[in-house]
K.L.:
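What follows is a structure written as structure tokens; I'll ask about it next.
Numbering starts at 1 and runs along the sequence shown. What you see below is based on every heavy atom in this structure, not just the backbone, and it leaves out hydrogens, waters and symmetry mates.
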Amino acid sequence: RISHPQRTGFAHVLRGAHCGAVGVQAARRAMEVRVDNRGGSLEASDVFLSLRIGEVQKQSRFSDSRVFRFPAHGKAQNDSFGRIEVFKRVGHLTVRLDDVNGGKNIDVPCHFPGMGNLSLSLGVNGGGKELTLPQVKEGSRKRAHERKEAAQKYLEDHKLEELLAESMKELILKKPVDPHQFLSDLILGKRAPARPG
């Protein structure tokens, strides 16, 4: 779902552990910020609350209580301040992402005075369904079976199993001093003549 928000207001979280209903803890480590609605008159329908701390921004639908979780980071930055912004959705459109094929133009209908449709172009890389473990195993078994069949066909096409079996029988029967040379001469002697080009 693609939404086009309208910013309806913003505030800053002041330095300190608490400011109204907002608390900030554990600067420069993993952090949780809880925001509670104190009974404001803002209609909650299609309203979203955004909280940005440092380079990380979290956004969620407005509700009576919401906890935003921020991961730990190694960058030196001031986590004593946060920025709260309130957005109201003025348009939305549900799109399929599995048929974009490199690019897709869409128009998001917006319901806001003086604003028409929002024209966008989508591009998608990756995605798609991931295979389950049984599917991966089945694919591996299938490929192994296909390789085995191809190897067996190659041996049958060139009659290599019969050739090697007959050569080993003669080797054991005659027991030559140089078995390697004997096998080499024997196999080369039984080689099929080359086909004329």
K.L.:
For the CG atom of Leu164 and the CD1 atom of Ile187, what is their distance to the nearest 0.5 Å?
P.N.:
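Going from the CG atom of Leu164 to the CD1 atom of Ile187 covers 5.5 Å.
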
K.L.:
Can you pull the ring-ring contact (aromatic ring centres under 6.0 Å, His included) pairs that have at least one residue in residues 134-159, sequence neighbours excluded?
P.N.:
Tyr154-His158

K.L.:
For Gly91 and Val108, work out which heavy atoms get closest and say how close.
P.N.:
C-CG1, 4.1 Å

K.L.:
For Ser184, which residues count as a side chain to side chain contact (heavy atoms under 4.5 Å, CB included) partner, sequence neighbours excluded?
P.N.:
Leu188

K.L.:
Between Arg34 and Asp36, does at least one N-O distance fall below 4.0 Å, as a salt bridge requires?
P.N.:
yes

K.L.:
Excluding sequence neighbours, so at least two apart, what forms side chain to side chain contact (heavy atoms under 4.5 Å, CB included) with Gln57?
P.N.:
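Side chain to side chain contact (heavy atoms under 4.5 Å, CB included) check on Gln57 returns Ser50, Arg52, Glu85.
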
K.L.:
Which residues satisfy the side chain to side chain contact (heavy atoms under 4.5 Å, CB included) test with Lys58, sequence neighbours excluded?
P.N.:
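Val56, Phe68, Phe70.
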
K.L.:
Considering all heavy atoms of both residues, which atom of Ser63 and which atom of Asn37 are nearest to each other, and what is their separation?
P.N.:
O-CB, 4.0 Å

K.L.:
Before accepting this row, confirm whether a basic side-chain N of the pair Glu166/Lys169 lies closer than 4.0 Å to the acidic partner's carboxylate O.
P.N.:
no

K.L.:
Please identify each residue that fulfils side chain to side chain donor-acceptor pair (under 3.5 Å) with Arg147, with sequence neighbours left out.
P.N.:
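Applying side chain to side chain donor-acceptor pair (under 3.5 Å) to Arg147 gives none.
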
K.L.:
Could you check whether any side-chain heavy atom of Leu49 comes within less than 4.5 Å of a side-chain heavy atom of Ser60, counting everything from C-beta outward?
P.N.:
no

K.L.:
Looking only at heavy atoms, which two atoms of Gly82 and Ile53 are closest? And how far apart?
P.N.:
CA-CG1, 4.1 Å

K.L.:
Among Ile, Leu, Val, Met, Phe, Trp and Tyr joined by side-chain contacts under 4.5 Å, find the other residues sharing a cluster with Ile172 and list them by chain and number.
P.N.:
none

K.L.:
Quick check: do Phe48 and Arg89 have side-chain heavy atoms less than 4.5 Å from each other?
P.N.:
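Yes, at least one pair of side-chain atoms sits under 4.5 Å.
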
K.L.:
Can you list everything that forms a side chain to side chain contact (heavy atoms under 4.5 Å, CB included) with Glu146? Sequence neighbours excluded, please.
P.N.:
Lys142

K.L.:
Listed by chain and number, what are the side chain to side chain donor-acceptor pair (under 3.5 Å) partners of Glu162, not counting sequence neighbours?
P.N.:
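Testing Glu162 for side chain to side chain donor-acceptor pair (under 3.5 Å), a comparison that skips the adjacent residues, returns none.
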
K.L.:
Report the residues that fulfil side chain to side chain donor-acceptor pair (under 3.5 Å) with Arg143, sequence neighbours left out, ordered by chain and then residue number.
P.N.:
none

K.L.:
Per the ring-ring contact (aromatic ring centres under 6.0 Å, His included) rule, what does the pair list look like for residues 161-189, sequence neighbours excluded?
P.N.:
none

K.L.:
Determine whether Arg69 and Val67 make a side-chain contact, defined as any pair of heavy atoms from C-beta on separated by less than 4.5 Å.
P.N.:
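When only atoms from C-beta onward are counted, Val67 and Arg69 do touch, with a gap below 4.5 Å.
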
K.L.:
Pairs of donor and acceptor atoms involving the side chains of residues 112-120, under 3.5 Å and at least two apart or interchain, shall be tabulated with distances.
P.N.:
residue: Ser119; atom: OG; partner: Asp107; partner atom: OD1; Å: 2.6

K.L.:
Can you list the residues that meet the side chain to side chain donor-acceptor pair (under 3.5 Å) rule with Lys153, with sequence neighbours excluded?
P.N.:
Asp157

